[in-house]
Amino acid sequence: MSYEAVLFDLDNTLYPYAPCNEAGKRAALDALRERGYELDRDAFDDLYAVGRREAKRETRTTAASHDRHVYFKRGLYRHAGEPDVAGALAAGDAYWDGFLDEMALCEGVETVFDALGAAGTDVAVVTNLTTRVQLRKLAHLGIDDRIDLLVTSEEVGREKPSALPFTTALAELDYRPTEALAVGDNVDADVAGANAVGTDTALFVADGDAPAAADLTGPRRPDHRLDSFADLTEVAA
C-alpha cells in the first residue's frame, strides 16, 4: 500500500540512540572534570540519574522532561549543595555536542527517502523533545532538506502518545489519518499514539531490540514490523 505521507519518529528510528547517548555522557563528564569536579563514572551516572529523575517527575508529558541542561542543573545542585549555572550550561552543551558527533543515519534511510521522494510522498518528522535540539540533529544527519515538516512536542505542548503531535502534522500536510503511515521505535508513544488517531503504523527499532510480537496486542500492535529500515520501501513507497 502506498501513502501520501510518512510520519517518522526521529530518535532511535532514523539513527541509533544508545551510542549517541553514551558519547554525550562521556563528553559531559569530561566537561565537568575540566571545571574541577572530581567525578568517576559511577558518581557522574548518579548525578545524571538524580537530575533526570527530578526533571521527569516535575515536567512529565512535556518536552522539558528530555532537557539535559535541566538534568545537569538539578543534578549538580544535589551533588554540590548549591547552584552551578556555568557548570550546568557547560555539561549540557558538551552532552549535545558529543551526542551529535556520534550520530549516523541507520542503514537504508537515504534509500527510503529517495524512494519516497520519487513517489511524491511527503515526509514529516514527528518527535518528542525540544525543537532546537531536534533541528540540530536533522541538520547534522544531513536530511534537513529531505524533510517536508518537523513537529516537536515542544511546539505543540504535548508529548506522544498524545494525538496532538500526529494531528498537527496531518493538518499541516492536509491529509486524513488514513492517508499516512507513522514509523517509530516506541510501541506506546509511536505505535499506540498513531493507532489512536487512525493512522497505519510501522515498528522499527534501530538497535534491534524490538518487543516480542506476542506482547504487541490491541492499540500497541503495529500494522507493519520492519526487520530493516529499507523494508519500508515495500510498505510505503
Side-chain angles (χ1 to χ4, degrees), residues 1-20 100 102-129 134-135 137-152 160-161 165-216 219-237:
M1 178 178 181
S2 61
Y3 296 90
E4 298 297 329
V6 180
L7 315 180
F8 289 99
D9 176 50
L10 176 53
D11 301 301
N12 214 39
T13 298
L14 298 182
Y15 74 95
Y17 172 83
C20 301
L100 266 69
E102 188 68 21
M103 287 182 73
L105 287 171
C106 291
E107 184 177 356
V109 170
E110 291 183 310
T111 299
V112 168
F113 279 14
D114 286 343
L116 294 176
T121 305
D122 286 329
V123 173
V125 171
V126 180
T127 174
N128 291 342
L129 223 147
Q134 301 305 67
L135 288 170
K137 290 176 184 176
L138 293 176
H140 181 85
L141 290 170
I143 56 173
D144 48 311
D145 61 346
R146 313 290 296 273
I147 305 299
D148 298 296
L149 177 68
L150 169 67
V151 175
T152 69
K160 298 182 293 183
F166 299 105
T167 57
T168 298
L170 292 168
E172 288 285 337
L173 294 171
D174 196 22
Y175 292 125
R176 296 185 298 271
T178 54
E179 295 177 301
L181 173 71
V183 181
D185 71 298
N186 188 296
V187 172
D188 294 308
D190 300 314
V191 175
N195 279 342
V197 301
T199 299
D200 282 359
T201 54
L203 177 67
F204 173 71
V205 183
D207 61 15
D209 190 21
D215 296 331
L216 304 180
R220 302 173 78 246
R221 184 178 181 85
D223 296 288
H224 310 279
R225 288 176 64 103
L226 308 174
D227 293 324
S228 71
F229 200 92
D231 291 344
L232 192 58
T233 57
E234 302 298 321
V235 174

Closest non-hydrogen atom pair, A206 against C106: CB-SG, 3.5 Å
Could you walk me through whether L149 and L173 pass the side chain to side chain contact (heavy atoms under 4.5 Å, CB included) check? CA-CA 8 Å; L149 177 68; L173 294 171; 3.9 Å; yes
Does a salt bridge link R225 with D231, judged by any charged N lying under 4.0 Å from a carboxylate O? no
Side-chain contact test, heavy atoms from C-beta onward, threshold under 4.5 Å: evaluate it for L226 versus V235 and give yes or no. yes
Under the 3.5 angstrom rule, does the side chain of T201 hit a backbone N or O of D223 as a donor-acceptor pair? yes
Check for a donor-acceptor pair, side chain of E4 on one end and backbone N or O of G120 on the other, with a separation under 3.5 Å. no
Looking at L181 and A236, what are the two nearest heavy atoms and their distance? CD2-CB, 3.9 Å
Can you check whether T121 reaches V6 side chain to side chain, under 4.5 Å on heavy atoms? yes
Under 3.5 Å side-chain donor-acceptor pair for D185 and Y17: no
For E179, does the CD atom have more than 12 heavy-atom neighbours from other residues, nucleotides or ligands under 6.0 Å away? yes
Do V151 and L7 come within less than 4.5 Å of each other through their side chains, counting heavy atoms only? no
Would you check, one step at a time, whether the test side chain to side chain contact (heavy atoms under 4.5 Å, CB included) holds for L116 with Y3? CA-CA 9 Å; L116 294 176; Y3 296 90; over 6 Å; no
Could you tell me if the side chain of V109 sits less than 4.5 Å from the side chain of L141, heavy atoms only? no
Quick one: closest heavy-atom pair of P211 and L203, and the distance? CD-CD2, 4.1 Å
Side chains of L10 and Y15 in contact at under 4.5 Å (non-hydrogen atoms): yes
Is there a side-chain contact between T127 and L150, using heavy atoms and a 4.5 Å cut-off? yes
Considering only heavy atoms from C-beta outward, does the side chain of P177 approach that of L170 to under 4.5 Å? yes
L138 side chain near R146 side chain, heavy-atom distance below 4.5 Å: no
Any donor-acceptor pair under 3.5 Å from T168 side chain to P165 backbone: no
Minimum-distance pair of heavy atoms, taken over all atoms of T199 and A182: CG2-N, 3.7 Å
If we count only N and O atoms by modelled type, under 3.5 Å, do the side chains of T152 and Q134 hold a donor and an acceptor together? no
Regarding D215 and R220, does a basic nitrogen lie under 4.0 Å from an acidic carboxylate oxygen? no
How far apart are the closest heavy atoms of P219 and N195, and which atoms are they? O-ND2, 2.9 Å
d(L105 CG, F229 CZ) to nearest 0.5 Å is 8.5 Å
Look at the side chain of K160 and the backbone N and O of V126, then say whether any donor-acceptor pair between them is shorter than 3.5 Å. yes
Spacing of CD1 belonging to I143 relative to CG belonging to L14, to within rounding of 0.5 Å: 5.0 Å
Sole candidate of F113, F204, F166 that passes ring pair (Phe, Tyr, Trp, His ring centres under 6.0 Å) when paired with F8: F113
Would you indicate whether D145, at its atom CG, is surrounded by more than 12 heavy atoms from other residues, nucleotides or ligands within a distance under 6.0 Å? yes
Can a donor-acceptor pair be found, under 3.5 Å and without considering hydrogens, that links the side chain of D148 to the backbone of V123? yes
Minimum heavy-atom separation for A139 and D144, please, with both atom names. CA-OD1, 3.7 Å
